[in-house]
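Letters go in sequence order (proteins before strands), and every chain restarts at 1. Just so it is clear, the values below take in all heavy atoms, side chains as well, and ignore hydrogens, waters and symmetry mates. Source: prediction; values computed, not measured.
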2 protein chains.
Amino acid sequence: MEPTRQPIRVLVVDDHPMMRDGICASIERQDDLVVVGEASDGQEGLALFRELRPDVTLMDIQMPVLGGIEALETIRAERPDAVVLILTTYPGDAQAHRALQAGAAGYLLKSCLRKDLIDTIRAVHARRRVISPDVAQELALHAPQERLSDREVAVLRLVADGQSNKQIAWALQLSLETVKSHLKTIFEKLAVDDRTHAVTVATRRGYLS
Amino acid sequence: MEPTRQPIRVLVVDDHPMMRDGICASIERQDDLVVVGEASDGQEGLALFRELRPDVTLMDIQMPVLGGIEALETIRAERPDAVVLILTTYPGDAQAHRALQAGAAGYLLKSCLRKDLIDTIRAVHARRRVISPDVAQELALHAPQERLSDREVAVLRLVADGQSNKQIAWALQLSLETVKSHLKTIFEKLAVDDRTHAVTVATRRGYLS
DNA sequence: GCTTGGCTCACCCGAATGAGGGATCGCACC
DNA sequence: GGTGCGATCCCTCATTCGGGTGAGCCAAGC
């Protein structure tokens with residue numbers, strides 16, 4: 001038997017069964033790619049990754065039990081050479097930034113064409129880093145100093161819940177002035193000038209949720 | 001040739017190619033179902049519907065060019081007996097309400113199992129109305145009087161964009177008092193007590209976007 | 001050692017917000 | 001013809017918000 005080139009072994013992690021079907025169908029159609037496992041949340045994905053050692057892991061972000069970013073971070077901490085391709089619905093640059101920071105090999109939108117997905121799998125397997133044009137644009141658009149700190153996100157979360165500055169101060173055990181100070185920085189970073197707009201922009205960019 | 005029962009002819013409208021693949025694969029696996037067409041936005045979907053007259057139309061909501069709800073409304077206006085099954089990602093009760101109002105035969109979440117989808121297609125074809133449990137719960141939870149009027153949604157949209165009441169008044173050619181009055185009723189309907197929370201709740205419920 | 005950046009807090013102040021009261025008009029529904 | 005409801009407008013008033021300005025602490029990095 002002629003030892004042809006080994007196929008790229010892919011693990012697919014997504015909580016939507018039908019989306020998983022679609023992805024797997026696209027992959028299986030290629031003879032240099034093979035799906036070795038499917039998982040429906042980050043926890044399962046992590047377990048299967050450890051067991052199967054796939055060449056490439058396709059990972060959704062929004063999943064129950066354990067999110068894709070968390071799973072990615074764990075995987076990369078365990079095996080810094082792991083190739084994980086994030087495949088998600090929205091181009092929120094905050095999550096993309098975090099994913100890339102955690103060593104994602106790529107960040108692709110689910111709205112991409114089948115061909116894009118296939119090409120990207122091959123590319124990341126060849127150790128190239130691939131980012132969706134839309135996401136790349138977002139990332140380029142928003143300078144890194146616009147990244148919100150953990151504390152700022154915490155404040156903004158409470159703002160989104162309709163809490164007043166006073167309530168937030170109480171909830172986070174802070175001075176009212178500190179809360180206002182955080183809000184001020186948040187406004188600057190997001191280039192808005194009121195709390196409501198801050199929440200919508202932050203949501204769109206992927207800081208909340 | 002034995003005239004077996006005619007298969008149910010299905011039209012699939014979704015802008016994600018891979019999701020479409022997954023859906024179609026699930027459908028084609030059944031021998032009493034057949035995919036007769038695929039479209040990637042509401043406009044295409046509408047055209048294919050007119051051309052193919054499918055027994056059941058699967059329709060996503062969030063699509064470019066023409067949204068699923070608008071396409072649904074047009075279809076139902078043309079042919080009141082059309083069977084359209086909304087298949088979407090989020091359980092926002094406002095959109096569900098609008099879809100059902102427009103005569104959707106069903107409202108299913110994409111996170112459902114393959115079997116659920118198949119069963120639901122057969123059910124709506126048999127003129128039964130099917131609603132995802134999660135969505136049904138949302139709908140039951142929120143009384144009809146909590147539905148926001150068009151004007152209120154218009155105001156809330158501007159609020160979400162960070163506009164002040166004064167700016168909103170100017171934008172909509174209203175008195176400042178009117179804007180405040182609308183906001184007041186919005187707060188009551190959504191059971192919140194400030195604009196920011198109103199925006200987050202309305203977003204989650206599917207009024208904005 | 002020094003700088004940077006995140007987190008913390010303080011005071012002043014004008015403008016906006018949200019809570020109370022009202023009111024009128026039109027329109028659909030019964 | 002009445003009743004309800006959405007949309008429009010008006011007034012007052014306490015509270016809150018956001019801008020401006022300034023400052024101290026501390027951990028990480030150069």
Side-chain angles (χ1 to χ4, degrees), chain A residues 94 97-98 101-102 142-203 205 207-208, chain B residues 94 97-98 101-102 142-203 205 207-208:
Chain A
H97 190 271
R98 187 172 164 202
Q101 203 72 23
H142 304 297
Q145 78 266 15
E146 293 174 16
R147 235 199 68 257
L148 297 187
S149 70
D150 290 347
R151 203 57 166 163
E152 286 157 356
V153 172
V155 170
L156 204 48
R157 260 184 225 289
L158 297 177
V159 171
D161 276 336
Q163 314 254 4
S164 71
N165 290 348
K166 196 186 283 186
Q167 291 174 306
I168 295 169
W170 192 85
L172 297 181
Q173 286 297 94
L174 290 177
S175 158
L176 174 61
E177 304 303 322
T178 306
V179 175
K180 289 172 70 175
S181 175
H182 283 312
L183 258 309
K184 196 183 305 183
T185 341
I186 292 170
F187 294 165
E188 277 174 18
K189 288 184 177 177
L190 297 182
V192 300
D193 39 32
D194 74 291
R195 51 179 52 222
T196 308
H197 202 192
V199 168
T200 58
V201 169
T203 303
R205 303 258 302 269
Y207 284 111
L208 310 176
Chain B
H97 190 272
R98 188 171 163 203
Q101 204 70 25
H142 305 295
Q145 77 267 16
E146 294 174 15
R147 237 199 65 258
L148 298 186
S149 71
D150 291 347
R151 204 56 167 161
E152 286 157 355
V153 171
V155 170
L156 204 48
R157 260 184 226 290
L158 297 177
V159 170
D161 275 335
Q163 314 254 5
S164 72
N165 290 346
K166 194 186 287 183
Q167 291 175 305
I168 295 170
W170 192 86
L172 297 181
Q173 287 296 94
L174 290 177
S175 157
L176 175 61
E177 306 305 322
T178 307
V179 175
K180 289 169 72 173
S181 175
H182 283 311
L183 258 310
K184 198 185 300 186
T185 41
I186 291 171
F187 294 165
E188 277 175 18
K189 287 183 177 178
L190 297 182
V192 299
D193 38 32
D194 73 291
R195 51 178 53 222
T196 308
H197 203 192
V199 167
T200 58
V201 169
T203 302
R205 303 258 302 268
Y207 284 110
L208 310 177

Student: Side chains of F187(B) and R195(B): does their closest heavy-atom pair fall under 4.5 Å?
Tutor: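 Sidechains of R195(B) and F187(B): in contact.
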Student: Tell me, do Q167(A) and D161(A) make a side-chain contact under 4.5 Å, heavy atoms counted?
Tutor: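 Side chain of Q167(A) against side chain of D161(A), heavy atoms only: no contact under 4.5 Å found.
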Student: Between dA7(D) atom C1' and I168(B) atom CD1, what is the distance in whole Å?
Tutor: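 In whole Å, dA7(D) C1' and I168(B) CD1 are 16 Å from each other.
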Student: Are the side chains of L183(A) and N165(A) in touch, meaning some heavy atoms are under 4.5 Å apart?
Tutor: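 Yes - at least one pair of side-chain heavy atoms lies under 4.5 Å apart.
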Student: Identify each atom pair where a protein N or O and an N or O of nucleotides 27-30 of chain D are less than 3.5 Å apart, giving names and distance.
Tutor:
none

Student: Whole Å only: how far is the NZ atom of K166(B) from the C1' atom of dA16(C)?
Tutor: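 Computing the K166(B):NZ to dA16(C):C1' distance gives 8 Å.
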Student: When you compare the side chain of H182(A) with that of I168(A), does any pair of heavy atoms fall below 4.5 Å?
Tutor: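 No, too far: nothing below the 4.5 Å cut-off.
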Student: Quick check: do V199(A) and V199(B) have side-chain heavy atoms less than 4.5 Å from each other?
Tutor: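 No, side chains not in contact.
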Student: Base, sugar-phosphate or nothing for T178(A)? Non-hydrogen atoms, less than 4.0 Å.
Tutor: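 Contact class for T178(A): base.
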Student: Where along nucleotides 18-24 of chain C does protein come under 4.0 Å, by heavy atom, of base (B) or sugar-phosphate alone (S), with - for untouched nucleotides?
Tutor: BBBB---
Student: As an exercise, state the distance from OG1 of T185(A) to CD of E152(A), rounded to the nearest 0.5 Å.
Tutor: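 One finds 5.0 Å between OG1 of T185(A) and CD of E152(A).
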Student: Considering non-hydrogen atoms only, spot the tightest contact between A160(A) and T200(B) and give its length.
Tutor: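 Minimum heavy-atom separation between A160(A) and T200(B): O-OG1, 2.9 Å.
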Student: I need the CG-P distance between L156(A) and dC17(D), as an integer number of Å.
Tutor: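 From L156(A) CG to dC17(D) P: 14 Å.
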Student: Take atom CD1 of I186(B) and atom C1' of dT17(C), then tell me their distance rounded to the nearest Å.
Tutor: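 Checked: the CD1 to C1' distance equals 14 Å.
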Student: Specify the separation, in whole Å, of atom CD of Q173(A) and atom P of dT8(C).
Tutor: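 Answer to the nearest Å: 11 Å.
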Student: Under 4.0 Å between any heavy atoms, over every strand shown, what does S149(B) touch: base, sugar-phosphate, or nothing? Just pick one.
Tutor: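 Sugar-phosphate, backbone atoms only, no base.
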Student: Counting only side-chain N and O atoms of T185(B), is one of them less than 4.0 Å from OP1 or OP2 of dG6(D)?
Tutor: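 For dG6(D), neither OP1 nor OP2 has a side-chain N or O of T185(B) closer than 4.0 Å.
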Student: Between P on dC26(D) and CZ on R151(A), what's the gap in Å once rounded to a whole number?
Tutor: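 R151(A) atom CZ is separated from dC26(D) atom P by 16 Å.
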Student: Can you check whether E177(A)'s main-chain N or O pairs, donor with acceptor, with S181(A)'s side chain at less than 3.5 Å?
Tutor: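 Judged by distance alone, no pair lies under 3.5 Å.
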Student: Please give, in whole Å, the distance from dG6(D) P to L174(B) CG?
Tutor: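 Distance check: L174(B) CG to dG6(D) P gives 16 Å.
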Student: Does a side-chain N or O of S164(B) approach OP1 or OP2 of dA16(C) to a distance below 4.0 Å, or not?
Tutor: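 Result: no.
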Student: Nearest whole angstrom, please: distance from the C1' of dT8(C) to the CG of L176(A).
Tutor: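 Rounded to the whole Å, the gap is 13 Å.
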Student: Looking only at atom types and distance, does a side-chain atom of D194(B) sit under 3.5 Å from a main-chain N or O of T196(B), one as donor and one as acceptor?
Tutor: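 Yes; judged by distance alone, with no hydrogens or angles, the pair exists.
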